[in-house]
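Before any comments, here is the structure.
In this text, all values refer to a predicted model and were calculated from it rather than measured experimentally. We use all heavy atoms of the structure for the numbers below, so side chains are in, but hydrogens, waters and symmetry mates are not.
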Amino acid sequence: MASLSFRHIYKKYPGGVTAVSDFCLEVKDKEFIIFVGPSGCGKTTTLRMIAGLEEITEGELLIGDRLVNDVAPKDRDIAMVFQNYALYPHMTVFDNMAFGLKLRKTPKAEIKRRVEEAARILDISHLLDRKPKALSGGQKQRVALGRAIVREPRVFLLDEPLSNLDAKLRASMRTEITKIHQKLGTTFIYVTHDQVEAMTMATRIVVMKDGIIQQVDSPQNLYDLPCNVFVAGFMGTPQMNFIEAKIEKGKGTDDKFIVFGPNRLKIPEEKFEDTELSKYIGQTVIVGLRPESIHDEPMYLSSMAETVLEADVEVTELMGAEIYLYLTTDNEATNDGKQHLIARVSSRSQARAGDRIKVAFDVSRMHFFDKETEKCITH
């Protein structure tokens, strides 16, 4: 079993700097866990504590049933893949992959078997006699993965392994690493600041900010059910739209509306069922809406007539299968008096920069957050 248990782990540096605070997490055997967050959030520090490259200031780390706080890195049965590959330039690919096994006095026949098996999995059998300088970035990354695979560790640690690759290669390597995880059936812990990598590869994602876990969940749940404004804004490309709006009750009716600038959009009644939202009537909240929930097609404008507003198109970005519309509408609650929005619409859209258009908000997909705490009220 290669489960991991993080029990109230802290990392503090001299001078009162706390890099990681009260980190608690249970990682199941064979999971693909990704730590994600902005630079400086503590994700790499946490990975290095697992590897034994950083000391744990407080708390307990267990790999399986074994407490490893004071266990040397070489005895933790883990393998780490670094961002810069860390290959020996004077050695062949075979020797780079075999190096760790030779240090452990593994029999030559066993080394050959493991290296050739790893090379076959990674499709680099034809590169075993080459030196690193003769390899592309993607090939070097495969060799670095191979060096970890031959160790047959209980846990793989990967520290932003794709950040040095170009966009096309990153996409293909994401798929390759996912396949390798499925073939090996081993626990993977992966660090990245790229939420696309996190969304596409992980079984669960740990979102971090300022050394503190914000939310741990499946990729889909993080996207659909973010626990606060930070997670909602961090997960998803383009990021979620946030609007400061007041919740008002209609005169003489039970209808409720969000009001910002000249816009008054009806809120579905189900948003108030079994939630705290009714307590916020008359108050300002933060409303979150994903770009794909803002529509400019006539069918939506007619079917969502109670949530239509006018906006000015500032920029359009044609992405091939879709268009990103960068819009503004009035909202005196913002610094410049403008509410900036991004809509992700069909490539058939006729909207162009400089146009004033109508768009419909899919209010059933709205998220509501408390303005002070930024915690989610309802989805």
Side-chain angles (χ1 to χ4, degrees), residues 1-2 4 29-34 47-48 50-53 63-64 68 71-166 169-192 197 201:
M1 289 290 287
L4 287 91
D29 184 38
K30 300 179 183 177
E31 269 202 292
F32 196 136
I33 291 278
I34 293 189
L47 197 76
R48 290 173 64 82
I50 301 168
L53 303 176
I63 299 178
V68 297
V71 174
K74 66 183 178 63
D75 298 324
R76 293 191 180 197
D77 204 5
I78 52 97
M80 192 159 179
V81 179
F82 294 93
Q83 181 177 349
N84 62 356
Y85 318 133
L87 302 178
Y88 297 107
H90 61 288
M91 291 185 185
T92 64
V93 167
F94 183 98
D95 289 335
N96 262 286
M97 290 171 66
F99 186 72
L101 299 179
K102 288 177 181 175
L103 287 180
R104 294 180 172 205
K105 306 287 193 290
T106 306
K108 281 186 178 179
E110 177 67 6
I111 291 175
K112 185 172 186 293
R113 183 193 70 76
R114 288 199 199 179
V115 171
E116 288 178 352
E117 173 67 9
R120 185 188 62 75
I121 290 171
L122 293 161
D123 194 23
I124 53 171
S125 300
H126 59 296
L127 304 176
L128 290 175
D129 295 327
R130 292 192 195 177
K131 299 273 181 73
K133 67 181 178 182
L135 305 178
S136 68
Q139 289 169 336
K140 287 177 184 175
Q141 188 58 74
R142 281 187 164 87
V143 176
L145 281 165
R147 187 175 52 193
I149 288 169
V150 297
R151 300 250 321 265
E152 296 181 354
R154 300 171 75 192
V155 182
F156 280 87
L157 307 178
L158 299 99
D159 187 11
E160 302 204 27
L162 307 185
S163 59
N164 292 337
L165 305 180
D166 62 63
L169 196 51
R170 284 176 82 156
S172 63
M173 280 302 293
R174 284 202 305 264
T175 309
E176 290 303 315
I177 290 174
T178 304
K179 286 180 184 173
I180 290 165
H181 172 251
Q182 290 166 352
K183 281 179 186 172
L184 298 179
T186 312
T187 307
F188 274 45
I189 300 181
Y190 187 110
V191 161
T192 182
E197 281 179 27
M201 297 167 72

**Study point:** Exceeds 12 heavy-atom contacts within 6.0 angstrom, atom NZ of Lys102
**Key:** yes
Practice item. Could you tell me the separation between the CG atom of Asn84 and the CG atom of Asn164, rounded to the nearest 0.5 Å? Key: 7.5 Å
Review point. Could you give the distance from OG1 (Thr175) to CD1 (Ile177), rounded to the nearest 0.5 Å?
Key: 9.5 Å
Review point. How about His181 and Thr186: do any of their side-chain heavy atoms sit closer than 4.5 Å?
Key: no
Review point. Is there a side chain to side chain contact (heavy atoms under 4.5 Å, CB included) between Ile124 and Met97 once you walk through the steps?
Key: CA-CA 11 Å; Ile124 53 171; Met97 290 171 66; 4.0 Å; yes
Practice item. Report the C-alpha distance between Asp77 and Val155 in whole Å, list the side-chain angles of each, state the deciding distance to 0.1 Å, and finish with yes or no for side chain to side chain contact (heavy atoms under 4.5 Å, CB included). Key: CA-CA 7 Å; Asp77 204 5; Val155 182; over 6 Å; no
Review point. Between Pro161 and Leu145, is any pair of side-chain heavy atoms under 4.5 Å apart?
Key: no
Review point. Which distance, rounded to the nearest 0.5 Å, do you find between the CZ of Arg147 and the CG of Leu122?
Key: 12.5 Å
Check your understanding: How long is the gap from CG on Asp95 to CG on Leu87, to the nearest 0.5 Å?
Key -> 12.0 Å
Point to revise | Minimal non-hydrogen separation, Gln139 against Leu135, with atom names | key: OE1-CA, 3.4 Å
Point to revise | Straight-line distance of Thr187 OG1 to Ile50 CD1, nearest 0.5 Å | key: 10.5 Å
Exercise for review: Any chance you could measure Arg174, atom CZ, to Glu197, atom CD, to the nearest 0.5 Å?
Suggested key: 6.5 Å
Review point. Where is the tightest heavy-atom contact between Leu128 and Ala119, given as atom of each residue plus distance?
Key: CD2-CB, 4.0 Å
Check your understanding: Is any side-chain heavy atom of Val143 closer than 4.5 Å to a side-chain heavy atom of Leu127?
Key -> no
Review point. Does Phe188 reach the side chain of Glu31, with side-chain heavy atoms less than 4.5 Å apart?
Key: no
Point to revise | Heavy-atom pair of closest approach, residues Ala118 and Val150 | key: CB-CG1, 3.7 Å
Point to revise | NZ/NE/NH1/NH2 to OD/OE distance under 4.0 Å, Arg114 and Glu152 | key: yes
**Study point:** Test side chain to side chain contact (heavy atoms under 4.5 Å, CB included) applied to Asp123 and Glu176, step by step
**Key:** CA-CA 10 Å; Asp123 194 23; Glu176 290 303 315; over 6 Å; no
Point to revise | Any side-chain heavy-atom pair of Thr192 and Ile34 under 4.5 Å | key: yes
Check your understanding: If we only count heavy atoms from C-beta on, is the Arg154 to Arg76 side-chain gap below 4.5 Å?
Key -> no
Exercise for review: Taking Thr106 for its side chain and Leu101 for its backbone only, find out whether a donor-acceptor pair lies under 3.5 Å.
Suggested key: yes
Practice item. Would you name the heavy atoms of Ala79 and Pro153 that are closest together and state the gap between them? Key: CB-CG, 3.5 Å
Review point. Looking only at heavy atoms, what is the nearest atom pair of Met80 and Ala51, with distance?
Key: SD-CB, 3.8 Å
Practice item. On the 0 to 90° scale, with breaks at 30° and 60°, tag the Tyr190-Phe32 ring pair as parallel, tilted or perpendicular. Key: tilted
Review point. Does any non-hydrogen side-chain atom of Asp159 lie less than 4.5 Å from one of Arg48?
Key: no
Check your understanding: Around Asp75, counting heavy atoms of other residues, nucleotides and ligands shown, do more than 12 lie under 6.0 Å from its CG?
Key -> yes
Exercise for review: Flag the pair Glu116 and Lys112 as a salt bridge only when some basic side-chain nitrogen lies within less than 4.0 angstrom of an acidic carboxylate oxygen.
Suggested key: yes
Point to revise | Heavy-atom check, side chain of Met173 versus side chain of Gln141, under 4.5 Å | key: yes
